[in-house]
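Below is one structure, written out as structure tokens; comments come after it.
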Number of protein chains: 2
Amino acid sequence: MANRKHDHENSLSAVRGEMPPEEDLCNLGDLFKVFGDTTRVKILCSLSESELCVCAIAELLGMTQSAISHQLKVLKDARLVGNRREGKTVVYFLSDDHVRTIIAQGLEHITEKR
Amino acid sequence: MANRKHDHENSLSAVRGEMPPEEDLCNLGDLFKVFGDTTRVKILCSLSESELCVCAIAELLGMTQSAISHQLKVLKDARLVGNRREGKTVVYFLSDDHVRTIIAQGLEHITEKR
DNA sequence: CTAATATATGAGCAGATATTCATATGAAGG
DNA sequence: CCTTCATATGAATATCTGCTCATATATTAG
């Protein structure tokens, strides 16, 4: 065997076998990163109730249209929201019920420890 | 009524009523922020399989002990992991089954779109 | 006590990120 | 066309974040 200071091979090989592939873990981190911002969480929560155009979200959150547009782009790149043009405005909506579930799960975790 | 360029009060008041309180949304963002890092996701996945000491995690992930310790502190401050000393080593473990659920939910979302 | 191992932690830095500001694009009305 | 409203986007900036390096603390052995 090896002469390490402290051998973990027994436990590690078992854990290693059960770990999801590296790529999935990176994607998972990236996914949560998108959820990991108050502004984006607020946007997602809003859209969870109703589809909304950009300026409605901006008004709702009391933020500039530009800031919201930038974050909507992040959310869209992550495929968490979709959009469609309606005349002059662009309406955004959740692209997936999974998003609602993840938010709900997180909220449950938060509110449970209180 | 108001004379805005574009009135959203009808939709907005309804959405406003359903939004969780500001503080919860901030905490939610902070929670997901902790999940939003590949290293921490890997640590959580490892601990999801078995409790592990610091140097085992470091070895498993191929990272320095210091880097892992710093991230374990973040995870502990967020109450996602707990620890106990066992002689010279300190063993870390998931503090909550909720963590497992959130990770699983995220992984499901990832692997579904493939 | 001293040495060795395991972990924690502070300072510093390089890279990432959220907002602002200015400006571009796009749609509808006159 | 030209103007106005709605949205998108690039650049600049200030802040935050994750790692490294050096060092401190803690436990056990001798």
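Every chain is numbered from 1, with letters handed out A, B, ... down the list of sequences.
The environment of Arg79(A) atom CZ is sparse: at most 12 non-hydrogen atoms of other residues, nucleotides or ligands sit within 6.0 angstrom.
Checked by atom type and distance alone, the side chain of Arg85(B) pairs as donor or acceptor with a backbone atom of Lys88(B) at under 3.5 Å.
Across every non-hydrogen atom of Leu52(B) and Leu47(B), the tightest pair is N-CD2, 3.8 Å.
Look at NZ on Lys88(A): it is 7 Å from P on dG29(C), rounded to the nearest Å. Put simply, CG on Asp7(A) is 15 Å from P on dT5(C), counting in whole angstrom units. In this entry the distance linking NE2 of His8(A) with P of dA6(C) reads 7 Å, nearest Å. As a whole-Å value, the separation of Glu59(B) CD from dT5(C) C1' is 15 Å. To the nearest angstrom, P of dT9(C) lies 14 Å from CG of Leu75(B). In this structure, Ile57(B) atom CD1 and dT7(C) atom C1' are separated by 12 Å, rounded to whole Å. In this structure, CG of Asp77(A) is placed 16 Å from P of dA16(C), rounded to the nearest angstrom. Between Ile68(B) atom CD1 and dT9(C) atom P there is a gap of 15 Å when expressed in whole angstrom units.
Between Gly87(A) and Lys33(A), the residue whose closest nucleotide on DNA chain C is further toward the 5' end is Lys33(A). Nearest-nucleotide positions on DNA chain C place Val54(B) closer to the 5' end than the other of Val54(B) and Asp37(A). Sequence order on DNA chain D of the closest nucleotides to Thr64(B) and His70(A) puts His70(A) first from the 5' end.
Here Ser69(B) lies in heavy-atom contact (under 4.0 Å) with a base.
Using a 3.5 Å distance cut-off with no hydrogens or angles, the side chains of Gln105(B) and Thr101(B) do not pair a donor with an acceptor.
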Checking Lys42(B) against Met63(B) for the side-chain contact (heavy atoms from CB on, under 4.5 Å) test, could you report, in this order, the C-alpha distance in whole Å, the side-chain angles of both residues, the deciding distance, and whether it holds?
CA-CA 11 Å; Lys42(B) 287 178 183 173; Met63(B) 296 180 63; over 6 Å; no
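Listed pair Tyr92(B) / dA8(C) meets the phosphate criterion, a side-chain N or O lying under 4.0 Å from OP1 or OP2. Checking the phosphate oxygens (OP1, OP2) of dT5(C), no side-chain nitrogen or oxygen of Gln65(B) falls inside 4.0 Å.
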Distance-only donor-acceptor pairs under 3.5 Å for side chains of residues 28-38 of chain B, two or more places apart:
{"unit_1": "Asp37(B)", "atom_1": "OD2", "unit_2": "Thr39(B)", "atom_2": "N", "d": "3.1"}
{"unit_1": "Asp37(B)", "atom_1": "OD2", "unit_2": "Arg40(B)", "atom_2": "N", "d": "3.1"}

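For dT9(C), its base sits under 3.5 Å from the side chain of Ser66(B) at one donor and acceptor pair at least.
Where DNA chain D meets chain B (any atom under 4.0 Å from a heavy atom), the bounding nucleotides read 5' to 3' are dA6(D) to dT28(D).
A salt bridge links Arg84(B) with Glu51(B): the distance from a Lys NZ or Arg NE/NH1/NH2 to an Asp or Glu carboxylate oxygen falls below 4.0 Å.
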